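The structure appears below as structure tokens.
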Amino acid sequence: MAARPLNSVTMDDDFPVDAPGAAKTRRRGIYLLPNLFTTGGLFAGFYAIVAAMGGHFAAASAAVFVAMLMDGLDGRIARLTKTQSAFGEQFDSIADMVSFGLAPALVIYQWSLHGLDVYGWLWARAGWLSAFVYVVAGALRLARFNARVHTQDKRYFQGLPCPSGAGLVAGGVWLGNSVGLAGSAVVVPALAMTICAGLLMVSNIPYYSFKDLNLHGRVPFAYVLIIPLIFVFIAFSPPKTLFGAFLVYSLSGPVLSVWRLVRRRRIARELESRKS
């Protein structure tokens with residue numbers, strides 16, 4: 001076998017994404033620490049699917065939120081430890097597809113959507129097809145994000161982020177299960193929520209990303225109380241708090257878009273009236 005040039009790239013190589021000499025630096029293996037968290041998120045997503053198949057919907061929904069926590073940590077740890085890599089980005093995207101694409105769709109299908117089969121074969125197909133709409137929307141959303149990650153406005157996401165869509169769907173299942181609500185009793189709202197979450201993910205509606213918040217500067221001492229208060233509020237009733245938070249965030253995009261449209265039209269009318 002011919003010797004490989006020193007500046008060539010293989011799937012075994014792992015480079016810091018922002019290193020100027022990445023194409024010329026050869027490193028074997030992968031960074032362990034951030035990929036451990038990515039693997040943890042992937043495991044949580046897989047466990048959510050297995051738990052839903054066994055009828056343990058509270059555990060399945062909670063696992064989706066654990067995957068969300070892991071997804072938030074792996075990127076930050078990679079940046080803090082300067083272990084960002086092309087391999088890590090691809091691995092994270094694949095893990096997100098399982099945890100925030102497949103897992104929420106299968107959880108809500110097992111909890112509620114499969115109950116549509118009592119209305120006939122056509123409604124039965126509508127049940128699993130709506131879950132598929134969510135899955136393919138998640139895949140498209142991730143692909144679009146990866147393609148535009150270096151060019152889009154960091155302050156806003158284009159479309160509902162996949163973790164937020166997963167939080168909405170899994171949070172709805174967790175809330176319904178926690179109050180003893182049978183999935184078959186809310187099959188129509190579950191169908192609508194699944195399809196709407198998928199459509200919002202592939203829409204062009206801007207969602208605030210919170211990435212421009214300054215978390216490194218000094219703040220008044222009283223602000224430190226906000227963090228424990230958030231944890232207390234979530235611990236009081238995790239299903240209600242998490243579902244409510246992701247529902248509000250999911251609605252914030254369309255509501256703010258409509259408000260901006262109305263405001264622009266009002267300003268345009270005022271300018272026209274001044275000219276006349």
Side-chain angles (χ1 to χ4, degrees), residues 41-68 95-142 159-203 205 237-251 253-255:
L42 180 61
F43 175 81
F46 179 76
Y47 175 79
I49 296 173
V50 174
M53 292 170 61
H56 307 293
F57 299 111
S61 302
V64 173
F65 288 99
V66 172
M68 201 177 303
D96 287 351
M97 182 59 211
V98 175
S99 301
F100 309 131
L102 284 173
L106 291 174
V107 169
I108 197 167
Y109 177 79
Q110 287 293 111
W111 180 66
S112 177
L113 296 180
H114 79 282
L116 285 168
D117 57 5
V118 300
Y119 301 106
W121 67 270
L122 186 60
W123 281 101
R125 289 188 178 183
W128 63 263
L129 283 174
S130 64
F132 175 73
V133 167
Y134 178 89
V135 173
V136 73
L140 292 172
R141 174 66 176 77
L142 287 169
L160 182 67
C162 288
S164 300
L168 177 66
V169 173
V173 174
W174 198 1
L175 176 61
N177 185 81
S178 67
V179 298
L181 192 63
S184 57
V186 291
V187 65
V188 174
L191 179 71
M193 182 175 66
T194 304
I195 294 176
C196 288
L199 294 179
L200 286 174
M201 286 193 291
V202 296
S203 70
I205 297 174
S237 179
K240 294 179 181 178
T241 304
L242 293 173
F243 175 73
F246 283 103
L247 178 62
V248 170
Y249 183 70
S250 299
L251 294 176
V255 170

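Small disclaimer: the values here were computed from a predicted structure and weren't measured. In what follows, every heavy atom counts, from backbone to side chain, and hydrogens, waters and symmetry copies are set aside.
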Self-check item: Which residues share a side chain to side chain contact (heavy atoms under 4.5 Å, CB included) with S61, sequence neighbours left out
Solution: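 Partners of S61 under the side chain to side chain contact (heavy atoms under 4.5 Å, CB included) test: V107, A170, V173, W174.
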Quiz item: Given the rule in the side-chain contact (heavy atoms from CB on, under 4.5 Å) test, do V187 and H114 qualify, once you have shown the distances and angles that lead to the verdict?
Solution: CA-CA 9 Å; V187 65; H114 79 282; over 6 Å; no
Nearest-0.5 Å distance, [atom1] of residue [X] to [atom2] of residue [Y]:
X	Y	atom1	atom2	value
L106	Y134	CG	OH	11.0 Å
T194	I108	OG1	CD1	3.5 Å
L113	S184	CG	OG	11.5 Å
L251	L200	CG	CG	8.0 Å
L181	W111	CG	CH2	5.5 Å
S99	M68	OG	CE	9.5 Å

Exercise. For residues L116 and R125, determine if any side-chain heavy atom of one lies less than 4.5 Å from a side-chain heavy atom of the other.
Key: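 Of all side-chain heavy-atom pairs linking R125 with L116, none is under 4.5 Å.
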Quiz item: G41 and A67: which non-hydrogen atoms are nearest, and at how many Å?
Solution: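 What the structure gives for the nearest pair is O-CB, 3.5 Å.
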Quiz prompt | Heavy-atom pair of closest approach, residues K240 and L175 | solution =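 Nearest heavy atoms, K240 then L175: CG-CD1, 3.4 Å.
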Report, one line per pair, each donor and acceptor closer than 3.5 Å where one atom sits in a side chain of residues 242-250; sequence neighbours left out.
residue : atom : partner : partner atom : Å
Y249    : OH   : Y208    : O            : 2.8
S250    : OG   : F246    : O            : 2.7

Check residues 44-54 and write down every donor-acceptor pair under 3.5 Å in which the side-chain atom is one partner and the other belongs to a residue at least two apart or another chain.
none

